[in-house]
Participant: 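One structure follows; several queries about it will come next.
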Amino acid sequence: KLKETNRQFRSVLDLGFVGDGEYLTDVIQRDRAGNIGLGSSSQIILKYDRQAPEVKSVRINNSSIESSRPFFYNSGDTIRIQVLMDEYMKEAPKVWITQQGGYGVEAGLGQVISEGFEYEYQYVVIPSLDGKLDGPVEILVSDGRDEAGNPINPAHRESQAFIVDTLAPV
């Protein structure tokens, strides 16, 4: 039973016992005599989602990351990073790049490739004249939100996404 407040009806529905998924509920309005008229019932779809979205893959310039065959880049090179999610994201994830000996820099979102499922970011390799920023580069994918507001948790980490090499061989 619902109480009427200014011709609006409010109630609390406890979904604590149900699993994630889509549920259909009927809302029926009856008058005091129990009559139901045209337009006095409706179906409402409830989507219940407590599961965090996951990163399916991270690619560099449209190629899979493989530790046995690393990519090498030099100062000033522009790198495109593709992130594929396992579900539609209402808010794009953030991508953080950390060069060896450096600090995390947020990569710029370049484009949404497949309507909320795949994103492309751009990163320009930070120059280093002395080689102090050379070595393996980490990519961290975090934040973002799915339709239910769930963020990526835990963050997805590629500890050796590519390698920066700015020094000539000796």
Participant: To the nearest 0.5 angstrom, please state how far the NE2 atom of His156 sits from the OG atom of Ser142.
Facilitator: 11.5 Å
Participant: Using 4.0 Å as the upper bound for N to carboxylate O, is an ion pair formed by Glu158 and Arg59?
Facilitator: no
Participant: Report the distance from atom CD1 of Ile60 to atom CD of Glu66, rounding to the nearest 0.5 Å.
Facilitator: 12.0 Å
Participant: Count the heavy atoms belonging to other residues, nucleotides or ligands that lie under 6.0 Å from CZ of Arg69, then report whether that count exceeds 12.
Facilitator: no
Participant: Looking at every heavy atom in both Gly144 and Met89, which two are closest together, and how far apart are they?
Facilitator: C-CE, 3.7 Å
Participant: Side chains of Val112 and Glu118: does their closest heavy-atom pair fall under 4.5 Å?
Facilitator: no
Participant: In the single-linkage hydrophobic clustering (I, L, V, M, F, W, Y; side-chain heavy atoms under 4.5 Å), do Leu133 and Ile163 co-cluster?
Facilitator: no
Participant: With rounding to the nearest 0.5 Å, note down the distance linking CG in Leu129 to OG in Ser75.
Facilitator: 7.0 Å
Participant: Minimum heavy-atom separation for Val141 to Pro93, with atom names?
Facilitator: CG1-CB, 3.8 Å
Participant: To the nearest 0.5 Å, tell me how far Asp146 CG sits from Glu87 CD.
Facilitator: 4.0 Å
Participant: Would you sort out whether Ile152 and Asp143 count as a side-chain contact (heavy atoms from CB on, under 4.5 Å), showing the intermediate values?
Facilitator: CA-CA 5 Å; Ile152 297 170; Asp143 301 316; over 6 Å; no
Participant: Is there a continuous path of hydrophobic side-chain contacts, each under 4.5 Å between heavy atoms, that joins Ile79 to Val164?
Facilitator: yes
Participant: Looking at Glu120 and Gln111, would you say the former's side chain and the latter's main chain have a donor-acceptor pair under 3.5 Å?
Facilitator: no
Participant: Closest heavy-atom contact between Asp130 and Ser128?
Facilitator: OD1-OG, 3.2 Å
Participant: Flag the pair Phe117 / Pro53 as yes when at least one side-chain heavy-atom distance between them is below 4.5 Å, and no otherwise.
Facilitator: no
Participant: Does any part of the side chain of Leu167, heavy atoms only, come nearer than 4.5 Å to the side chain of Asp134, both counted from C-beta?
Facilitator: yes
Participant: State, with a plain yes or no, whether a side-chain heavy atom of Ile97 is found less than 4.5 Å away from one of Glu138.
Facilitator: no
Participant: Any side-chain heavy-atom pair from Val18 and Tyr48 closer than 4.5 angstrom?
Facilitator: yes
Participant: Only one of Thr78, Thr166, Asn61, Asp165 passes side chain to side chain donor-acceptor pair (under 3.5 Å) with Tyr73; say which it is.
Facilitator: Asn61
Participant: Where is the tightest heavy-atom contact between Phe71 and Ser64, given as atom of each residue plus distance?
Facilitator: CZ-O, 3.4 Å
Participant: Identify whether Tyr123 and Val55 are in the same connected component of the hydrophobic contact network (ILVMFWY, side-chain heavy atoms under 4.5 Å).
Facilitator: yes
Participant: Please answer whether the main-chain N or O of Glu54 pairs with a side-chain N or O of Asp86 as donor and acceptor at a distance below 3.5 Å.
Facilitator: yes
Participant: Following the transitive rule for hydrophobic clusters with a side-chain heavy-atom cut-off under 4.5 Å over Ile, Leu, Val, Met, Phe, Trp and Tyr, establish whether Ile139 and Phe72 coincide in one cluster.
Facilitator: no
Participant: Is there side-chain contact between Pro70 and Phe162, with at least one heavy-atom pair below 4.5 Å?
Facilitator: no
Participant: Are any non-hydrogen side-chain atoms of Tyr23 and Ile45 less than 4.5 angstrom apart?
Facilitator: no
Participant: As a quick check of understanding, evaluate side-chain contact (heavy atoms from CB on, under 4.5 Å) for Val83 and Val95, giving each step before the final call.
Facilitator: CA-CA 9 Å; Val83 175; Val95 172; 3.9 Å; yes
Participant: Are the side chain of Asn150 and the backbone N or O of Gln51 linked by a donor-acceptor pair below 3.5 Å?
Facilitator: yes
Participant: Taking all non-hydrogen atoms of both residues into account, name the closest pair between Pro136 and Gln160 and its distance.
Facilitator: CB-CG, 3.8 Å
Participant: Could you check whether any side-chain N or O of Gln99 sits under 3.5 Å from a backbone N or O of Ile126, counting only pairs where one atom can act as donor and the other as acceptor?
Facilitator: yes
Participant: Nearest heavy-atom pair of Ala155 and Leu140: which atoms, and what distance?
Facilitator: CB-CD1, 3.7 Å
Participant: Would one find more than 12 heavy atoms of other residues, nucleotides or ligands at under 6.0 Å from atom CD1 of Ile28?
Facilitator: yes
Participant: Do Ile81 and Val124 sit in the same hydrophobic cluster, where Ile, Leu, Val, Met, Phe, Trp and Tyr count as joined when their side-chain heavy atoms come under 4.5 Å apart?
Facilitator: no
Participant: I'd like to know if the side chain of Asp49 reaches the main chain of Glu147, judged simply by a donor and an acceptor atom lying under 3.5 Å from each other, with no hydrogens or angles considered.
Facilitator: no
Participant: Can you tell if the side chain of Tyr119 reaches within under 4.5 Å of the side chain of Ile113, non-hydrogen atoms only?
Facilitator: no
Participant: What distance separates Leu84 CG from Ser114 OG, expressed to the nearest 0.5 Å?
Facilitator: 6.5 Å
